[in-house]
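The block underneath contains the structure these notes are about, expressed in structure tokens.
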Amino acid sequence: MDNKEIIQILKLTASLLELYGENQFKVRSYQTAVYNLERNAQELIGLGEKQLAELPGVGKSIAATIREISQTGVSSTLDNLLKQTPKGILELLKVKGVGARKIKTVWDQLGVETAEELLSAATRGELAELSGFGKKTQDRIQQIISFYLSNKHLIHYKDADHLGLSLEQQIKLQFPDARWSRAGSFRRKVEVVESLDYVWASDRIGEAEDFLDSMQGLDKNLQLSGPLRWRGEFRDNSELLDVRFCNLSEFGAKLIYYTGNMEHLALTNEQGKSLREVLEQSHSDESTAYSEIGWPVIIPELREGLYENEFLSGHKMEDILVTEDLKGILHNHSTYSDGKHSLEDMARACKDLGYEYLGISDHSQTAVYANGLNEEKVLEQHREIDRLNQELTPFKIFKGIESDILSDGSLDYSEPILHTFDFVVASVHFNLNMDVDKATERLLRAVKNPNTTILGHPTGRLLLKREGYPIDHQKVIDACAHRGVVIELNANPWRLDLDWRWVHYAVEKGVKISINPDAHEMDTLEDVYYGVCVARKSGLTKVMTFNAMSLEEMDHYLSTRKSKISLHSNV
Ligand SMILES: [Zn+2]
Ligand SMILES: [Zn+2]
């Protein structure tokens with residue numbers, strides 16, 4: 001059992017204790033432990049009760065619970081709570097933004113036990129009548145639950161990617177010569193996907209089907225499967241698997257057909273011939289099918305029917321960004337704020353990955369919940385960066401900050417402190433319930449601030465969990481273009497914000513895109529890959545990617561921009 005699983009148990013216990021109205025202190029003690037343990041790199045499993053109790057945020061009683069979990073694999077406190085709780089209520093507890101106490105009220109007073117029932121009760125206006133609710137809360141819950149239900153069957157690309165890799169490993173072992181490929185939105189690397197799609201070509205389709213039938217952890221859905229199609233679920237998480245079989249001679253054509261969306265397949269060449277027509281004949285390779293229409297193989301990410309023509313006529317496919325083009329990564333956290341690993345660990349890990357620089361941008365002072373840095377801490381961190389830069393040279397750490405954009409759109413420090421940073425990522429983290437005018441105005445003010453280098457995760461969305469605040473994308477992007485502000489494509493698989501559908505417009509306006517993992521620990525530095533995946537969907541080129549700049553170029557860019565700040569300050 002690893003730390004993650006132990007923390008998961010504590011987290012669920014906290015929610016259930018809150019649900020059943022346990023006293024606030026007890027609930028808080030679990031929440032504090034979870035918060036601290038998530039930022040603790042030490043392995044919990046081998047620790048004794050005494051050592052556990054000495055960890056920050058872990059008291060005696062939680063230490064005993066952790067010990068029990070590491071020895072038995074379960075927590076008796078949690079087990080007792082689970083026995084009294086219906087499955088639907090557990091599901092509701094995972095939905096962000098409703099709250100355990102409110103769930104208990106609707107359960108007790110309206111008999112609501114599932115997300116669907118909660119939505120119906122809200123639609124019928126029954127929630128507004130409950131004490132502590134009102135019309136506004138009812139509307140908010142209705143919005144949250146409909147968002148949840150409409151996304152319930154979707155999976156993050158990163159999760160799908162991992163699941164796919166382990167399945168593929170087994171296929172490779174069993175059928176080393178088989179021709180198969182990912183397909184559909186899964187192959188197009190859409191940020192969230194409905195199912196893991198594959199096309200599998202074989203002369204022995206029966207054997208391939210039998211293999212999937214007998215694979216542990218997969219459940220076949222007989223009703224949805226057919227002679228050339230295997231559909232079912234991954235048992236643990238109920239993600240869908242959809243495999244289409246074909247003959248080797250038609251692999252290329254089938255793969256194009258099942259990868260591109262409708263718009264892609266409807267694209268035509270100058271003679272008016274559509275891709276769909278070409279696919280009516282057999283092609284064993286994608287390249288022969290595309291060449292018949294006069295095109296090179298279009299990278300799967302681009303097959304959305306949006307920017308293919310532009311690439312075919314102007315840019316080359318090779319111009320599109322790949323992860324190796326990134327020379328450094330900006331926007332990362334350390335233990336100075338809410339990160340799990342020290343500044344030095346983060347820098348060394350980044351260097352080991354082959355990058356030339358790391359931008360560290362811990363949270364600013366207003367972000368108390370994330371241990372934001374006061375001015376003194378900022379200066380202390382800068383001293384450490386100076387020391388590390390001497391040691392790690394030619395690798396460089398840039399001094400950054402993720403400054404909260406306050407409610408009125410201003411940044412979080414006094415001017416003299418803001419001037420000490422090499423770069424500032426400006427992001428919104430609180431007061432998220434804004435209408436589009438207010439949210440846009442708030443961002444515009446931050447963009448106009450000459451200290452802002454990068455606009456961080458512009459909508460604050462958490463995919464499948466929380467909608468972002470509404471913004472007028474065009475206005476915000478235009479302002480960034482006007483002020484020379486870079487826009488972040490936050491590569492955290494939960495965010496992928498700026499949405500790739502707006503990246504193209506930003507680039508058209510001359511705005512560079514910075515792909516940042518927003519890593520809070522060493523492991524997630526590599527999440528930058530998922531940002532690149534979606535950036536490629538918009539056709540983002542290396543030239544327009546901010547952190548594809550070499551160390552020398554970045555150094556020059558940041559110092560030049562900084563020297564202009566005082567000139568702009570009065571604008
Ligand atoms: Zn942030
Ligand atoms: Zn951040």
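Residue numbers count from 1 along this sequence. Counting convention: from 1, in listed order, for ligands and their atoms alike. Every value quoted in this text rests on a predicted model; they were computed, and no experiment measured them.
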[X] atom [atom1], neighbour heavy-atom count above 12 within 6.0 Å:
X	atom1	result
Glu552	CD	no
Glu391	CD	yes
Glu43	CD	yes

Q: Provide the atom name of the closest N, O or S atom of Glu402 relative to the Zn ion (ligand 2).
A: OE1
Q.
Strictly under 2.8 Å, is the Zn ion (ligand 2) approached by any N, O or S atom of His520?
A. no
Q | Any N, O or S atom of His333 closer than 2.8 Å to the Zn ion (ligand 2) | A | yes
The Zn ion (ligand 1) to [X]: any N/O/S contact under 2.8 Å?
X	answer
His331	no
His457	yes
Asp518	no

Q) Is a donor on one side and an acceptor on the other found under 3.5 Å between the side chain of Asp338 and the backbone of Asn371? A) no
Q) Between the main-chain N or O of Gly359 and the side-chain N or O of Asn332, is there a donor-acceptor pair closer than 3.5 Å? A) yes
